[in-house]
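Heads up, the thing below is written out as structure tokens.
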Amino acid sequence: MQDTNKNNLPIGVFDSGVGGLSVLRELKRLLPRENFIFFGDQLNVPYGEKSKQQLVGFLYKITDYLTKNHKVKMLVLACNTATCYAIDELREKYSFPIVGTVPALKPAALKTKTGTIAVISTPATSRSPVIKKLIENYCKGVKVINTGCKNLENAVEEGEPDSPVAISLLEKYLSPIKNSGADYLVLACTHYPFLKREIKKIVGPRIKLLDSGKAIARRTDFLLKTGNIKNKQKKVGETYYFTTGDPTKFSKVASKLLKLKIEAEKVKV
Ligand code: DGL
């Protein structure tokens, strides 16, 4: 039996900041009839420099807020760092489906012709047991250059992917990769797809970029179908944006990144 009330409820999409919009963009493309609540925890960005205990604490509070105030039917963690450190705890506590963002190492290892791939992520993701396991399980016989990029998400948070600071950080992190023989570069932070143009300029056409956005949207669709909770409304769904930081700044940067007029509300959890 289909519970139509539940079907109309929104999907929560979470990130530390505006990076998760790169995932939201894919979700909206594949699932235009769904309603979304996008939540950016900008009071606490960057997540890549927090401990597991801090991250689990933030995520419990935020998920409680999304459950109580918006009755989300599903949660998408549009953040690699939060997925690496808090998804198991969240799945234990909440009964609705939770989709995580996992670095696309498996497809990169399957596609590589040179036998070398690279992955860039936040410092926390880069040293996480999750990424180590992915490398062990899926990258046998493949050389993986695993680089944690402190401060790189900030260029996106500021809405300035081509600022001199952003370019010099990118040059620092990408030069060793450019000269490594790698043919695939995995973008394992949801902020980085917004830096694609700048990354491509530095690494050149020989290195292909992979992120997880489309795979997350497909996984979300699959779980909606198997749970029989897809929104059947005829109109295009609505999306509401919330930040724990400055809503004026969020709205300005988000509108620029998604090329849409976005107005965020401030929320305290
Ligand atoms: N967007 C986040 C990720 O995918 C984290 C950025 C940060 O807050 O450090 O890991």
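Counting convention: from 1, in listed order, for ligands and their atoms alike. Bear in mind that the values here come from a model prediction, so they are computed numbers and not experimental data.
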The salt bridge (Lys or Arg N to Asp or Glu O under 4.0 Å) partners of E153 (sequence neighbours excluded) come to none

With sequence neighbours left out, the residues meeting salt bridge (Lys or Arg N to Asp or Glu O under 4.0 Å) with K150 are E49

- Item | H70 and Y65 aromatic ring geometry - parallel, tilted or perpendicular at 30°/60° bounds | perpendicular

### Message
Tell me if the OH atom of Y138 is crowded by more than 12 foreign heavy atoms within 6.0 Å.
### Response
no

In terms of heavy-atom contacts, Y173 and T147 come closest through CD2-CG2, 4.1 Å

Applying salt bridge (Lys or Arg N to Asp or Glu O under 4.0 Å) to E26 and not counting sequence neighbours gives R29, K214

Please tabulate, one line per pair, the protein N or O atoms found under 3.5 Å from any N or O atom of ligand 1, giving the distance to one decimal.
residue: ligand 1; atom: 1 (N); partner: D15; partner atom: OD1; Å: 3.0
residue: ligand 1; atom: 1 (N); partner: D15; partner atom: OD2; Å: 3.4
residue: ligand 1; atom: 1 (N); partner: T190; partner atom: OG1; Å: 2.9
residue: ligand 1; atom: 1 (N); partner: H191; partner atom: ND1; Å: 2.8
residue: ligand 1; atom: 4 (O); partner: N80; partner atom: N; Å: 2.9
residue: ligand 1; atom: 4 (O); partner: N80; partner atom: ND2; Å: 3.2
residue: ligand 1; atom: 4 (O); partner: T190; partner atom: N; Å: 2.9
residue: ligand 1; atom: 4 (O); partner: T190; partner atom: OG1; Å: 3.3
residue: ligand 1; atom: 8 (O); partner: S16; partner atom: OG; Å: 2.7
residue: ligand 1; atom: 8 (O); partner: Y47; partner atom: N; Å: 2.6
residue: ligand 1; atom: 9 (O); partner: Y47; partner atom: N; Å: 3.2
residue: ligand 1; atom: 9 (O); partner: G48; partner atom: N; Å: 2.8
residue: ligand 1; atom: 10 (O); partner: N80; partner atom: N; Å: 3.4
residue: ligand 1; atom: 10 (O); partner: T81; partner atom: N; Å: 3.1
residue: ligand 1; atom: 10 (O); partner: T81; partner atom: OG1; Å: 2.6

